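Below you'll find the structure, written out as structure tokens, and then a few comments.
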Amino acid sequence: AELVRHWLAAFGPGTLADLKWWTGWTLTAARAALADVGAVEVGLAEGTGHLLPDDLEPVVAEQHWVALLPALDPTPMGWQQREWYLGAHKAAVFDRTGNVGPTVWCDGRIVGGWAQRPDGDIAVRLVEDVGSDARREIDTAAANLGSWLGEVRLSARGRGRTPLESELSS
């Protein structure tokens with residue numbers, strides 16, 4: 001129950017299928033843990049989700065934002081059903097074992113990927129149009145990340161590169 005409480009606090013609303021996938025539990029164990037924390041069913045575009053009872057207030061949309069998240073970041077790894085923030089881009093930003101590579105986010109959606117080239121430059125490729133203003137913000141974020149990393153070179157040891165990451169890193 002404690003694990004489910006933390007998972008819902010971070011990733012809620014979550015579906016029963018997501019919880020089962022994320023924990024590796026049986027459906028019976030996942031249902032029992034949801035009941036133990038008093039999870040409340042809520043409607044989602046892809047079916048029924050669950051929230052903690054003290055997390056039912058509507059979330060006010062943040063102002064416009066962009067972010068470059070690293071590979072294996074828990075944000076995109078928290079759900080099995082990812083279409084609501086990923087669209088049709090799974091093959092580009094996930095490897096064949098289901099691990100996410102470095103991603104570009106705009107207003108709560110994955111809109112591309114990024115990789116560090118051998119010379120340290122951060123290369124970005126968008127997989128959907130975000131408009132010229134957001135593109136400039138993404139380019140600025142990539143330049144800032146490259147400056148922050150300086151001489152540090154990132155490595156994909158322990159995981160495969162995604163198709164987009166492989167393309168961009170050469």
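These figures come from a predicted structure and were not determined experimentally.
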- One should read off an interatomic distance between L69 CG and L72 CG, to the nearest 0.5 angstrom, of 11.5 Å
- Message: Can you give me the closest heavy-atom contact between Q116 and V152, atom names plus distance?
- Response: NE2-O, 2.9 Å
- Message: Restricting to side-chain hydrogen bond (donor to acceptor under 3.5 Å, both in side chains), what partner residues turn up for D139, sequence neighbours left out?
- Response: R135
- Message: Taking side chain to side chain contact (heavy atoms under 4.5 Å, CB included) as the definition, give me every residue that meets it alongside A123, ordered by chain and number, with sequence neighbours left out.
- Response: R117, L168
- Beyond-backbone contact of I138 with W114, side-chain heavy atoms, under 4.5 angstrom: no
- Query: How would you list, by chain and number, every residue that makes a salt bridge (charged side-chain N to carboxylate O under 4.0 Å, His left out) with D133, sequence neighbours excluded?
  - Reply: R136
- For A39, enumerate each residue passing the side chain to side chain contact (heavy atoms under 4.5 Å, CB included) test, keeping only those at least two apart in sequence or located in another chain. L8, L34, V37, H50
- Item | Residues which pass salt bridge (charged side-chain N to carboxylate O under 4.0 Å, His left out) with E151, listed by chain and number, not counting sequence neighbours | none
- Results of side-chain hydrogen bond (donor to acceptor under 3.5 Å, both in side chains) for R153 - residues two or more places apart only: none
- Message: Under 4.5 Å between side-chain heavy atoms, counting indirect links through other Ile/Leu/Val/Met/Phe/Trp/Tyr residues: same cluster for L68 and L149 or not?
- Response: yes
- Would W105 end up clustered with L126 when hydrophobic side chains under 4.5 Å apart are linked, directly or stepwise? no
- Message: Under the rule for salt bridge (charged side-chain N to carboxylate O under 4.0 Å, His left out), what residues qualify as partners of R31, not counting sequence neighbours?
- Response: none
- Query: Listed by chain and number, what are the side chain to side chain contact (heavy atoms under 4.5 Å, CB included) partners of L56, not counting sequence neighbours?
  - Reply: V40, V42, L51
- Indicate yes or no: at least one non-hydrogen side-chain atom of L3 is less than 4.5 angstrom from one of W22. yes
- State whether the side chain of E165 and the backbone N or O of D95 hold a donor-acceptor pair below 3.5 Å, judged by distance alone. no
- Just jot down the side chain to side chain contact (heavy atoms under 4.5 Å, CB included) partners of A29, sequence neighbours excluded, or say none. W25, T26
- Work out which heavy atom in G101 is nearest to a heavy atom in T162; give both atom names and the distance. N-CG2, 3.4 Å
- Residues which pass side-chain hydrogen bond (donor to acceptor under 3.5 Å, both in side chains) with D73, listed by chain and number, not counting sequence neighbours: T75
- Task: Apply side-chain hydrogen bond (donor to acceptor under 3.5 Å, both in side chains) to H64 and list each qualifying residue two or more places apart in sequence or on a separate chain.
- Result: D107, E137
- Taking only residues two or more places apart in sequence or in another chain, which ones pass salt bridge (charged side-chain N to carboxylate O under 4.0 Å, His left out) with R109? E128
- What is the minimum heavy-atom distance between S169 and P118, and which atoms define it? O-CD, 3.1 Å
